[in-house]
Student: 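The structure that follows is given in the form of structure tokens.
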Amino acid sequence: MPILTPSPATIAEAARHILSGGLVAFPTETVYGLGADATQDKAVAAIYELKSRPSFNPLIAHVAELAIAERYAVFDTRAHYIARRLWPGPLTLVLPRRKEALVSDLVTAGLPSLAIRVPDHPVALQLLYAVGRPVAAPSANRSGKVSPTTAEHVEAEFGNRLAMILDGGPTRVGLESTVLDLTGERAVLLRPGGITRETLEASLGEIDVAKPDQPDSPKSPGMLLSHYAPRLPVRLTCDDPQPGEALLAFGPDVPEGFAEVFNLSPTGTLVEAAANLFAALRALDKPDFSGIAVMPIPPQGIGLAILDRLRRAAAPR
Ligand code: TXA
Ligand code: MG
């Protein structure tokens, strides 16, 4: 079994494995990451290979603290301010990459910018300190599929093709970090995520929101329309239950007539719904059902990130 209980010994072993060019899945507060030494081309290439990820889609460098991040990216006053307030946390900053920084060009997909974050998870931070180098880590799922929020999800994705999975239990936030581009004069939200737009605007004033679904936009290379996709078709409406359809519910008033119901939050709490989203999509993705219908989710706070993931899950494949 590649699943390991985190301890000083297993974390040290995982760090050695990463430094020798291997891949390790590890928990963060958002989703599980598939980590490699960001300074080794071959190790980073192995991430793209294992995930079948298109190489134009750059990766996030994970570091243990702001002072370390500053060795790899250029922080202006604005970037400093927001990083001091919100790191460690589910926020990725896209910043000018330091030319002298020894990060593989495969991490940045050749862009002059670097996406970087400090995750808010004790196991991730201990691992990052032990590695002592930036760790490139996408979500630990096959490209385009549902992201993993437990060690078992990661094992279901890769099985024995992955030597080590550090098990930190279910992740707290449940969907990916917010990606904020600070390379231009105006801050641009590239991916809604664990930190809400409202929280960012409380610190930065009004920010722009990248138009989604323009895969050739150089600002947001990873915003592919079809993503987070279970095998079953996903329908963003629950008006008329189709035969055999399962329901992804939200709130106390659940419509009848579905073959199965998974309620993201019976009390209608968005933060709880976010934490349950990917596990729910996996749980309903069974051949017993004909498809997954989704109840409306309020478009506010972390609800915007939930809707972003659901729209991509429902997009034409
Ligand atoms: O919560 C997370 O961010 C998780 C955990 C493991 O940290 N990681 C994650 O990585 O979601 P990934 O690879 O699934 O998503 C990274 C996103 C992609 O949309 C990618 O296009 C974008 O960040 N990105 C990375 N580098 C970028 C850059 N230089 N400019 C613009 N977007 C970038
Ligand atoms: Mg991902």
Side-chain angles (χ1 to χ4, degrees), residues 14 17-18 21-63 72 90-94 97 103-111 113-119 121 123-124 127-128 131 133-151 153-158 161-166 168 171 173-181 190-194 215 220-229 278 282 305 308-309 312-313:
H17 190 61
I18 287 177
L23 302 183
V24 172
F26 64 97
T28 79
E29 80 280 37
T30 59
V31 300
Y32 276 72
L34 180 63
D37 180 347
T39 69
Q40 296 185 43
D41 291 332
K42 266 195 178 168
V44 178
I47 292 180
Y48 285 94
E49 155 90 38
L50 186 63
K51 278 184 64 97
S52 308
R53 181 179 174 112
S55 59
F56 59 78
N57 190 5
L59 303 173
I60 298 170
H62 295 67
V63 293
Y72 299 94
L91 174 67
T92 294
L93 298 178
V94 175
R97 160 189 186 166
V103 170
S104 164
D105 285 335
L106 287 171
V107 173
T108 56
L111 293 170
S113 58
L114 177 67
I116 194 158
R117 87 177 189 100
V118 178
H121 194 290
V123 174
L127 179 67
L128 292 169
V131 172
R133 293 183 186 175
V135 170
S139 49
N141 51 278
R142 288 162 295 149
S143 187
K145 305 292 184 193
V146 179
S147 304
T149 56
T150 66
H153 293 166
V154 180
E155 196 185 31
E157 288 286 318
F158 300 121
R161 297 177 65 203
L162 188 57
M164 264 184 223
I165 305 170
L166 286 170
T171 60
V173 176
L175 40 75
E176 294 83 350
S177 62
T178 300
V179 180
L180 184 70
D181 183 355
L190 296 182
R191 177 176 75 179
S220 48
M223 295 179 79
L224 300 174
L225 184 52
S226 174
H227 207 113
Y228 313 104
F278 290 139
R282 281 173 188 271
D308 170 80
R309 306 303 187 268
R312 290 171 207 277

Student: Of all residues at least two apart in sequence or in a different chain, which pass the side-chain hydrogen bond (donor to acceptor under 3.5 Å, both in side chains) check with S177?
Tutor: T92, R191
Student: What are the two closest non-hydrogen atoms of Y228 and V146, and how far apart are they?
Tutor: O-CG2, 3.6 Å
Student: With a 4.5 Å heavy-atom cut-off, do L162 and L34 have their side chains touching?
Tutor: yes
Student: To the nearest 0.5 Å, what is the distance between CD1 (I116) and CG (L59)?
Tutor: 12.5 Å
Student: Quick one: does any side-chain atom of R309 pair with a main-chain N or O of G193 as donor and acceptor, under 3.5 Å?
Tutor: no
Student: Within the side chain of T108, is there an N or O that forms a donor-acceptor pair under 3.5 Å with the backbone of S113?
Tutor: no
Student: L93 versus L91: any side-chain heavy-atom pair under 4.5 Å?
Tutor: yes
Student: For a quick test of reading the model, state the closest non-hydrogen atom pair linking G194 to L175 and the distance between them.
Tutor: N-CD1, 4.1 Å
Student: Specify the closest pair of heavy atoms between D37 and R133, including all atoms of both residues, with the distance to one decimal.
Tutor: OD2-NH1, 2.6 Å
Student: Please name all residues satisfying side chain to side chain contact (heavy atoms under 4.5 Å, CB included) with E29, sequence neighbours left out, ordered by chain then number.
Tutor: P90, R117, P119, D120, R172, V173
Student: What pairs with Y32 under ring pair (Phe, Tyr, Trp, His ring centres under 6.0 Å), at least two apart in sequence or on another chain?
Tutor: none
Student: Please find the pair of heavy atoms, one from K51 and one from P138, that lie closest to each other, and give the distance.
Tutor: CD-CG, 3.4 Å
Student: Is there side-chain contact between E155 and P148, with heavy atoms separated by less than 4.5 Å?
Tutor: no
Student: List the atom of L106, the atom of Y48, and the distance in Å for their closest heavy-atom pair.
Tutor: O-OH, 2.7 Å
Student: Is there a side chain to side chain contact (heavy atoms under 4.5 Å, CB included) between T171 and T30? Walk through the geometry before answering.
Tutor: CA-CA 6 Å; T171 60; T30 59; over 6 Å; no
Student: So, applying side chain to side chain donor-acceptor pair (under 3.5 Å) with S147, which one of E157, H153, E176, H227 is it?
Tutor: E176
Student: Please determine whether side chain to side chain contact (heavy atoms under 4.5 Å, CB included) holds for the pair L127 and I18, giving the CA-CA distance in whole Å, both sets of side-chain angles, and the decisive distance to 0.1 Å.
Tutor: CA-CA 10 Å; L127 179 67; I18 287 177; 4.1 Å; yes
Student: Does R97 use its side chain to pair, donor to acceptor, with the backbone of V103 at less than 3.5 Å?
Tutor: yes
Student: Which atom names give the shortest non-hydrogen contact between I47 and A136, and what distance separates them?
Tutor: CD1-O, 3.5 Å
